[in-house]
**Student:** 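First the structure, then my questions, so here it is.
In what follows, chains are A, B, ... by sequence order, proteins preceding strands, each numbered from 1.
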Amino acid sequence: MALPPVYVNNCRACEVKYMTVVRTRFSPSPTGSLHLGGTRTALFNWLFARHHQGVFILRIEDTDRERSEERYVREIKESMLWLGLDWDEGPYFQSARLPLYREYIQRLLDQGEAYYCDCDPADLETRRQEALARGDKPKYDGRCRELGLKPGPNTAVRFKTPLTGTTNWHDRGKGPIAFDNRELDDLVIQRADGIPTYNFAVVVDDITMGVTHVIRGEDHIPNTPRQILIYQALGAALPEFAHMTVTLAPGGGKLSKRRGAIPILDYRERGYLPQALVNYMVRLGWAHGDQEIFSREELIKYFSLEHMSKSPGVYDEEKLLWLNAHYIKETPLPELAGLLQPFLERLGIAAKDLNYLARVAGTLNTRSKTLVEMADQARFYFQDPRPYEEKGARKFLTPESAVHLEEIKKRLEALAEFSEAALNQLFQDLTTETGLKMVQLAQPVRLALTGKTVSPGLFDIIIILGKEEVLKRLNLALDFIYKKQ
RNA sequence: GUCCCCAUCGUCUAGCCUGGUCCAGGACACCGGCCUUUCACGCCGGCAACACCGGUUCAAAUCCGGUUGGGGACGCCA
């Protein structure tokens, strides 16, 4: 497929000029949820395309009929959209392109660059295990290579890998990489059931979809020489390859479902903001000087393959949490209220008044690392603060403090307007009159209003709760104290 | 085992290509302090790294080789 020869030169920061419009793709297989690792690949492809004002394609690699499921396709799309990774083309489905692959397979067969193989998969597996046990590289021995087999019910198609020479490319992420062709073997490109395998389908897709830059995890490096050989056999021009580092689990090893990886949508459930996740993922294996916080626009503006790191990074939840806390603080209160609402609902709290919720959020946004935390901390604004935190109640809800609580109640009752200044005056007066420290006055009230020893600023709470509710809660606390005796 | 990739604070990283300005900078975490009605936030300060060995050079975190370590891949999975 010929691409329109558009000269894209809108990128002053870039050394490289692209002769065609940049086209990248993200090609997950719908055999499971989208995790952080795969999403990071999507993000880098998306950023690269956006940076060059190119095209970002979503392609679903569903040639594994056994394990591919529709619900995962939906989850992948939802995850990407949540993060703002929108695609310009697709989703394309490999399962819908079978005739195309067959055509290309036939071409290789006709050219003598592929052949039929009727080896029994079980035998192959045995031989593989034996080779591994022997300490050899488990390669297909090519026993069907020159047999001239015809298509049959149990015949797969293998690619005829050159026996000599080297295959090399200049990786945009890693630099020059070379493989001795003798390390490779004749890989199956079409299964006995007629479905092409991954290594073949990607190549055909990337060729026909005009993909110019293949950006993917470094776990694909060993596949690359095989794919390059197929490009060459098909007489197609090579795309640029850029292999990015994988993400490691804190204990070591690749981050995976078994080792700490959770579905992207679970981050949403756990109260993470998409901006935080995007910011976190991009800084794992990429940097722009010392900058830690990036807006979406900055990311698009600064992103480049040149600044990808070469060594794998370890997933660090603490840093993600820090970023999340940062973005929570940055989010305008009315918007934050909207985000918080569903999390309160989950706690059985129907906070319908968004104005009120915004004021609540304003007292919690510097104290919460996630929306889940924030919702939990917001409970007392909507619910009876009792039962009181036991230790705090023992220390602060005492007969001695009851005297002061009564006095505070009386004065608050008489106070016309609840304002920061008025409340401050009220408490100041009391400290001078009683000789008590502010903390001795404040903690009992805090307990009475929130049930806890830790909370947002006391005056903020009093103002938000309002006179009626505050007096009610003070009475409840006093009852509690009196009943205790 | 074989092949491939990689190697700066506990972690993410800047610097490395274009050796000297680096007794290595930023961030998270951690530890102190300030602020303060609690807890946070914020601010200030601290701890902490060029894996090792050789070579090239007047000079190496930066270039080369090796060792060690980590990671990845070896499917009719993707």
**Student:** By ring pair (Phe, Tyr, Trp, His ring centres under 6.0 Å), which residues pair with A:Tyr104, not counting sequence neighbours?
**Tutor:** none

**Student:** Starting at the 5' end of nucleotides 26-34 of chain B, put B wherever the base has a protein heavy atom under 4.0 Å, S where only the sugar-phosphate does, and a dash everywhere else.
**Tutor:** BBSS-----

**Student:** Of all heavy-atom pairs between A:Pro30 and A:Glu61, which one has the smallest distance, and what is that distance?
**Tutor:** CD-O, 3.4 Å

**Student:** Show me the donor-acceptor pairs within less than 3.5 Å that the side chains of residues 156-168 of chain A make with the rest of the protein, sequence neighbours left out.
**Tutor:**
unit_1, atom_1, unit_2, atom_2, d
A:Arg158, NH1, A:Asp186, O, 2.6
A:Thr161, OG1, A:Asp185, O, 2.8
A:Thr167, OG1, A:Asn181, OD1, 2.6

**Student:** Which atom pairs link the protein and nucleotides 3-5 of chain B when you take only N or O atoms and keep those under 3.5 Å?
**Tutor:**
unit_1, atom_1, unit_2, atom_2, d
B:rC3, O4', A:Glu183, OE1, 3.3
B:rC5, O2', A:Lys174, NZ, 3.0
B:rC5, O2', A:Glu218, OE1, 3.4

**Student:** Rounding to an integer number of angstrom, what distance separates B:rA48 and B:rU67 when you compare their C1' atoms?
**Tutor:** 27 Å

**Student:** Using the test side chain to side chain contact (heavy atoms under 4.5 Å, CB included), find all partners of A:Pro263 that sit at least two apart in sequence or belong to another chain.
**Tutor:** A:Ser33, A:His35, A:Glu75, A:Asp266

**Student:** Answer yes or no as to whether B:rA78 has its base stacked against A:His220, where stacking requires a ring-centre separation under 5.5 angstrom and planes under 30 degrees apart.
**Tutor:** yes

**Student:** Could you list the residues that satisfy ring pair (Phe, Tyr, Trp, His ring centres under 6.0 Å) with A:Phe93, not counting sequence neighbours?
**Tutor:** none

**Student:** Among residues at least two apart in sequence or on other chains, which ones pass side chain to side chain contact (heavy atoms under 4.5 Å, CB included) with A:Thr247?
**Tutor:**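 Expected list: A:Leu36, A:Arg40, A:Leu255, A:Leu284, A:Tyr315.
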
**Student:** Using only modelled atom types and a 3.5 angstrom limit, is any donor from either the side chain of A:Asn223 or the base of B:rA78 paired with an acceptor on the other?
**Tutor:** yes

**Student:** Scan residues 447-458 of chain A against RNA chain B and write down, sorted by residue number, each residue with any heavy atom closer than 4.0 Å; if none is found, say none.
**Tutor:**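 RNA chain B contact set from residues 447-458 of chain A: A:Thr453, A:Val454, A:Ser455, A:Pro456, A:Gly457, A:Leu458.
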
**Student:** Which comes earlier along RNA chain B counting from the 5' end, the contact point of A:Gly285 or that of A:Ser368, where each point is its nearest nucleotide?
**Tutor:** A:Gly285

**Student:** Can you list the residues that meet the ring pair (Phe, Tyr, Trp, His ring centres under 6.0 Å) rule with A:His288, with sequence neighbours excluded?
**Tutor:** A:Tyr302

**Student:** Under 3.5 Å, is there an N or O donor on one side and an acceptor on the other linking the side chain of A:Arg367 and the base of B:rC39?
**Tutor:**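 Side chain to base: pair found, below 3.5 Å.
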
**Student:** What nucleotide, of B:rA78, B:rG72, B:rU13, holds the atom closest to the side chain of A:Asp219?
**Tutor:** B:rG72

**Student:** Who passes side chain to side chain contact (heavy atoms under 4.5 Å, CB included) against A:Glu103, sequence neighbours left out?
**Tutor:** none

**Student:** Looking at B:rG75, B:rA14, B:rA78, which one has an atom nearest to any side-chain atom of A:Ala287?
**Tutor:**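 Output: B:rA14.
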
**Student:** Could you list the donor-acceptor pairs under 3.5 angstrom formed by side chains in residues 193-204 of chain A, with sequence neighbours left out?
**Tutor:**
unit_1, atom_1, unit_2, atom_2, d
A:Asp193, OD1, A:Ile195, N, 3.0
A:Thr197, OG1, A:Val188, O, 2.8
A:Tyr198, OH, A:His220, ND1, 3.1

**Student:** Under the side chain to side chain contact (heavy atoms under 4.5 Å, CB included) test, which residues partner A:Gln440, sequence neighbours left out?
**Tutor:** A:Leu436, A:Lys437

